[in-house]
There are 4 protein chains.
Amino acid sequence: MRSAERHGRGDTRQRIQETALECFLVRGYERTTLREIAVRLGVTKAALYYHFKTKEDILVSLFLDVGRRMDELIEWGRRQPRGLEVRRELLAQCSVIFSSAAPLFTVLHANEAALSELSVGRAFKNRVSALSGLFREPDAPVAAQVRCITALLSLHFGTFALSHVEGDPEEKRLALLDGATELLTSAHEARGLA
Amino acid sequence: MRSAERHGRGDTRQRIQETALECFLVRGYERTTLREIAVRLGVTKAALYYHFKTKEDILVSLFLDVGRRMDELIEWGRRQPRGLEVRRELLAQCSVIFSSAAPLFTVLHANEAALSELSVGRAFKNRVSALSGLFREPDAPVAAQVRCITALLSLHFGTFALSHVEGDPEEKRLALLDGATELLTSAHEARGLA
Amino acid sequence: MRSAERHGRGDTRQRIQETALECFLVRGYERTTLREIAVRLGVTKAALYYHFKTKEDILVSLFLDVGRRMDELIEWGRRQPRGLEVRRELLAQCSVIFSSAAPLFTVLHANEAALSELSVGRAFKNRVSALSGLFREPDAPVAAQVRCITALLSLHFGTFALSHVEGDPEEKRLALLDGATELLTSAHEARGLA
Amino acid sequence: MRSAERHGRGDTRQRIQETALECFLVRGYERTTLREIAVRLGVTKAALYYHFKTKEDILVSLFLDVGRRMDELIEWGRRQPRGLEVRRELLAQCSVIFSSAAPLFTVLHANEAALSELSVGRAFKNRVSALSGLFREPDAPVAAQVRCITALLSLHFGTFALSHVEGDPEEKRLALLDGATELLTSAHEARGLA
DNA sequence: CATGAATGAGGATTCATTCAT
DNA sequence: AATGAATGAATCCTCATTCAT
């Protein structure tokens, strides 16, 4: 009754997700306990289990949407011809995805070890691999390959590393994308990649 | 007695460190239990406590040396005048440090959340900040700042992200450094950084 | 709505009983959860509470009828003179009851420990004691007493132990009763029981 | 230190087993909690886990010895020719085993459902089946088969069902064995079993 | 130098049960 | 007649840590 006063009725599931994400960000996945989430929410641990089957399930639910978006992008990339134009577009799309779901990627990255044996961790590792694959030309000179991967990486990690730099988020995003595109382009120009 | 046969007597401390590092790499810091390390080593948990005061202590001991090297580099950087030349040198030195202690940085990065409230985690976070500071010109255009930071980042994360790319490690390191230097240079050239 | 299509409306109570019995048989009383029963039935846990006050209540309801029949038999037995003839008749009646409610006795027996502090468990323990009492002659030689009890026991446990032996159920029942009667008779003949 | 005063030092493991058996007898396996055992013993729950890997492990440890003895008997039985003489001997040996480990068989039997999905439960179910097999002549008349099985059963269950009958345990055991042997013999005589 | 035994705190999970709707 | 949401209490189990020997 108290919680009904404070919140709408059917929003508990979502509130759990929000609180969980917050905790995962601040304390990490492993160190976040269900008690913590429950207390912060003013419900019982058991209530969490009414809405989610396990702790991991809460995590999974958070990543459903981003996962789908990445899968679509990868699918799209695979159907395109390989080449600079497509890679530029991939980079641009990645930039959008990464920055629109920045907190999620932060969790992913800051808990890499913890999540490495969980479905979410594995799935995203695979997605990043797949994405890398689209940027790689196995027979190109090492220097070019490294630059391509670096371009992708700088986007991936830059997104949250830059949170401490002042400035308009969108401006920062574009600057980051700019640097990445530059790396990518230089890889193609200098060494005649396909 | 069996372990005494297989190894010299005084090397236990070091063997603990090696095993621990291995475990931290494979399973992450939190999920690595002292029992695990002990079993792998053929000793008792209690034995670990003879050599190290706590689990965290093992971790700390692993990072003593790299920490020192980074501190020296930062110290050196602070005494130099700001400018492209110095930054290039910093980048080069970082590249050496990062790749010579790659496993340690992998642990650091893959367990960011887990270590964030431990001395080691905090210390390295500070070191990275300090390093970033040497690359930043607070009044420069955002685009330039972002590029500088990206240069550093790509080194930091590239080191282990490239482990899947085939090629001579040293060649990959130089290629990575090359890309980073390129980003750094373009930041300075295009926008007239000091 | 779906379950209303498949079944008449008022039979839910009975369907709960059937499903519960099935679960109790397969998984045991303790390990059968109300969720399990509910899911199997396509209703909510709360629905079970509409029809039964507690989990134990479902159990109790299952045993009401057999309990009554045993009580009547005991009552009858108590009013008869002690002697071989009466005991033979008791054995025969038991055989009928046991085999007509075999699943219930299986639950009872396979969950003895679990039910030992529940009303149902206690009640049946008492009934079996009472029945035993009708077969016992406290002053008779131990050997005779043991045989009498054994006769009863073999009926009780044989009923479900024989489910793996091929053959017509009624034939098996009679064979079992035959063996039991033989034991009973030999107890009386050999040692001159009343 | 307190527990060292009260007891010898190395006996904890055994005391856990004793206490556990007691609890399993009184309260049943499922309802016996590790807390219960620990408290009764004056140690921590964690102490139990030092000596046994799981709750089930405690149970398993209790049955190691009886299991072995039954296996040996079965092995022996299989190597003998089928026939009345051998079956009589099997019955006699079973009688010894059952009554020497009566509490264990009580636990087994009173927790049948609870143990049915545990290794111990399964193993003993198999042993009883194997034993039954030695008493069965698949082509014999149903009546004979039933009598043979009943003979075995009455031993199995009689052992603890008779705990309420007064008298010398050994005398009761022999009386029980007597009744069982009688059933067995009558099965062979009357219907010309091998 | 190392072990065996034990602890205390805490973690995820499950369950029967309740109640407003 | 039945549901959705939630609870409280308990359970098994794990871990870092300690200490007498």
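Throughout, a chain's letter reflects where its sequence line sits, starting with A, and its residues are numbered from 1.
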Base contacts versus sugar-phosphate-only contacts with protein, heavy atoms under 4.0 Å: please encode nucleotides 13-18 of chain E as B, S and - from 5' to 3'. BBBBBB
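Here F:dC19 presents its C1' atom at 16 Å from CG of B:Leu48, a figure rounded to the nearest Å. Straight-line distance from the CD1 atom of D:Ile16 to the P atom of E:dA5: 11 Å, rounded to whole Å. Atom C1' of nucleotide E:dA6 and atom CG of D:Asp11 are separated by 14 Å, given to the nearest angstrom. If you measure from atom CZ of A:Arg13 to atom C1' of F:dA6, you get 16 Å, rounded to the nearest angstrom. We find that CZ of D:Phe52 is positioned 14 Å from C1' of E:dA5, with the value rounded to whole Å.
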In a table with atom names and distances, give each donor-acceptor pair under 3.5 Å that connects a side chain of residues 103-111 of chain C to protein atoms at least two apart or in another chain.
from, atom 1, to, atom 2, distance (Å)
C:Thr106, OG1, C:Ala102, O, 2.9
C:Asn111, OD1, C:Tyr29, N, 2.9
C:Asn111, ND2, C:Val107, O, 2.8

Tabulate below the donor-acceptor pairs under 3.5 Å that side-chain atoms of residues 61-68 of chain D make, not counting sequence neighbours, or state none.
from, atom 1, to, atom 2, distance (Å)
D:Ser61, OG, D:Gln17, NE2, 2.8
D:Ser61, OG, D:Ile58, O, 2.7

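B:Glu18 meets the salt bridge (charged side-chain N to carboxylate O under 4.0 Å, His left out) test with no other residue; sequence neighbours excluded. Not counting sequence neighbours, the partners of B:Arg127 by the salt bridge (charged side-chain N to carboxylate O under 4.0 Å, His left out) test are B:Asp71. For the ring pair (Phe, Tyr, Trp, His ring centres under 6.0 Å) test, no residue two or more places apart in sequence or in another chain qualifies with B:Phe52. Residues satisfying the side-chain hydrogen bond (donor to acceptor under 3.5 Å, both in side chains) criterion with A:Ser119, sequence neighbours excluded, are A:Glu56.
Between D:Glu117 and C:Arg31 there is a salt bridge, with a side-chain nitrogen of the basic residue lying less than 4.0 Å from a carboxylate oxygen of the acidic one.
For F:dA5, one of the phosphate oxygens OP1 or OP2 lies less than 4.0 angstrom from a side-chain nitrogen or oxygen of A:Tyr50. Contact annotation: D:Thr12 side-chain N/O to E:dA5 OP1/OP2 distance is not under 4.0 Å. Look at A:His51 and you won't find any side-chain N or O under 4.0 angstrom from OP1 or OP2 of F:dG4.
Screening residues 39-52 of chain A for side chain to side chain donor-acceptor pair (under 3.5 Å) gives no qualifying pairs among residues at least two apart or on separate chains. Residue pairs meeting the salt bridge (charged side-chain N to carboxylate O under 4.0 Å, His left out) criterion with at least one partner in residues 19-28 of chain D, sequence neighbours excluded, are D:Arg27-D:Glu36. Counting only residues at least two apart or in different chains, salt bridge (charged side-chain N to carboxylate O under 4.0 Å, His left out) contacts with residues 102-115 of chain D are absent.
Only at 4.0 angstrom or more do the heavy atoms of residues 113-123 of chain D sit from any atom of DNA chain F, so none qualifies.
Overall, the helix from E:dA2-F:dT21 to E:dT21-F:dA2 carries an axis bend of 20° between its ends, with five pairs at each end and the value rounded to 10°.
At least one donor-acceptor pair closer than 3.5 Å links the side chain of C:Lys55 to the backbone N or O of C:Thr32.
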